[in-house]
Peer 1: 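Pasting in a structure now, in structure tokens, and then I'll have a few things to ask.
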Amino acid sequence: LRGVGESARLWRLTLNRQGRTGPGGPPNGLDLVRQVLRAFGCEEGAEPKNWRTAKNWWEQAAAQAHTGAQTNLGHLYYRGQVGPRDFIQARYWWEQAVAQEEAGAMAAIGLTYFSGQGVEQDLNEAMRWFWKAKAHCLDVSPYIASVMKERRRQNMDTAARPGSDT
């Protein structure tokens, strides 16, 4: 999960890119980021001390279509940091971010297919999501290498089985 400081940095960049900061823009976008940092009493780059508080602020920001908040909510639910793991909610929030071309959410969905947590393991689908994230300039090289390594391992296991004609 991204640290609050990293989320704040990404939200600031997003808000600036969308021209949503400064006079005349909605005051609550960047203000939410500042309130999150104050609420946790932490320095930039630190993890939240209270995940429930983080969830509250991220839900407010996600409702305003902030992809960083949507991606973080997905991670929060996926990891079960505010209750039992909820793969459906995690996927929902990642898909909201993906609809806005958020590469981190694309990679997160790819990881679910790679690990088989919340979905049936599907290395081809994992690779498809990783390539989508890469097309949006996210360095997913380690993920792609992991999928290739797992494919080789599975192919070797299949070839080593008695009666296999491969």
Side-chain angles (χ1 to χ4, degrees), residues 1-18 20-21 25-123 125-130 132-134 136-144 146-147 150:
L1 190 62
R2 295 180 188 151
V4 172
E6 176 64 7
S7 294
R9 186 185 70 75
L10 292 173
W11 289 350
R12 283 186 198 112
L13 287 173
T14 301
L15 290 170
N16 287 334
R17 237 183 293 139
Q18 295 172 354
R20 295 175 68 183
T21 59
N28 43 5
L30 193 54
D31 288 344
L32 278 175
V33 173
R34 289 184 183 128
Q35 289 173 13
V36 168
L37 292 172
R38 275 195 306 271
F40 298 133
C42 62
E43 300 298 318
E44 291 226 5
E47 289 291 323
K49 296 173 185 167
N50 183 327
W51 289 110
R52 291 194 190 287
T53 303
K55 179 180 176 259
N56 179 356
W57 289 111
W58 284 330
E59 284 174 338
Q60 291 179 51
Q64 296 177 36
H66 289 111
T67 58
Q70 292 166 337
T71 302
N72 282 342
L73 280 171
H75 294 320
L76 202 67
Y77 282 109
Y78 187 78
R79 293 180 177 161
Q81 289 172 298
V82 291
R85 295 176 89 179
D86 188 337
F87 298 124
I88 294 169
Q89 279 294 308
R91 182 67 183 246
Y92 169 80
W93 285 112
W94 287 332
E95 286 176 354
Q96 296 299 304
V98 164
Q100 298 180 74
E101 307 296 318
E102 167 60 36
M106 293 172 191
I109 292 173
L111 285 170
T112 63
Y113 282 105
F114 177 72
S115 67
Q117 292 185 323
V119 295
E120 185 174 331
Q121 185 182 38
D122 184 335
L123 297 180
E125 190 66 8
M127 190 68 94
R128 187 176 79 78
W129 281 103
F130 292 149
K132 285 177 108 174
K134 184 173 176 50
H136 287 82
C137 301
L138 184 67
D139 181 13
V140 291
S141 305
Y143 303 142
I144 292 171
S146 295
V147 170
E150 180 64 14

Peer 1: Taking the side chain from T71 and the backbone from G68, do they hold a donor-acceptor pair closer than 3.5 Å?
Peer 2: no
Peer 1: Does any part of the side chain of L138, heavy atoms only, come nearer than 4.5 Å to the side chain of M106, both counted from C-beta?
Peer 2: no
Peer 1: For Y143, which residues count as a ring pair (Phe, Tyr, Trp, His ring centres under 6.0 Å) partner, sequence neighbours excluded?
Peer 2: F130
Peer 1: Which distance, rounded to the nearest 0.5 Å, do you find between the CH2 of W94 and the CG of N72?
Peer 2: 11.0 Å
Peer 1: Could you tell me which non-hydrogen atom of A105 sits nearest to which non-hydrogen atom of A97, and how far apart they are?
Peer 2: CB-CB, 3.7 Å
Peer 1: Quick check: closest heavy atoms across A61 and A69, and the distance to 0.1 Å?
Peer 2: CB-CB, 3.6 Å
Peer 1: Nearest 0.5 angstrom please: L123 CG to F114 CZ, how far?
Peer 2: 6.5 Å
Peer 1: Applying side-chain hydrogen bond (donor to acceptor under 3.5 Å, both in side chains), can you list everything that pairs with E59, at least two apart in sequence or on another chain?
Peer 2: K55
Peer 1: Test side chain to side chain contact (heavy atoms under 4.5 Å, CB included) on Q117 and L111; report intermediate values, then the result.
Peer 2: CA-CA 9 Å; Q117 292 185 323; L111 285 170; over 6 Å; no
Peer 1: Considering residues at least two apart in sequence or located in another chain, which fulfil the ring pair (Phe, Tyr, Trp, His ring centres under 6.0 Å) criterion with Y92?
Peer 2: none
Peer 1: Is a side-chain donor or acceptor of W129 paired with a backbone partner of A107 at a separation under 3.5 angstrom?
Peer 2: no
Peer 1: Rounded to the nearest 0.5 Å, how far apart are CG of D122 and CE of M127?
Peer 2: 11.5 Å
Peer 1: To the nearest 0.5 Å, what is the distance between NE2 (H75) and CH2 (W58)?
Peer 2: 9.0 Å
Peer 1: Measure from the side-chain N and O atoms of R85 to the backbone N and O of Y78, and report whether any donor-acceptor pair falls under 3.5 Å.
Peer 2: yes
Peer 1: Find the distance between CD (E102) and CD (Q96) and round it off to the nearest 0.5 Å.
Peer 2: 13.0 Å
Peer 1: Under the 3.5 angstrom rule, does the side chain of Q121 hit a backbone N or O of S115 as a donor-acceptor pair?
Peer 2: no
Peer 1: Might you point out which heavy atoms bring A103 and H136 nearest each other, and give the distance in Å?
Peer 2: CB-CB, 3.7 Å
Peer 1: State the CD-NE2 distance between Q60 and H66, to the nearest 0.5 angstrom.
Peer 2: 11.5 Å
Peer 1: Measure the shortest side-chain to side-chain distance between Q70 and V98 over non-hydrogen atoms and say whether it is less than 4.5 angstrom.
Peer 2: no
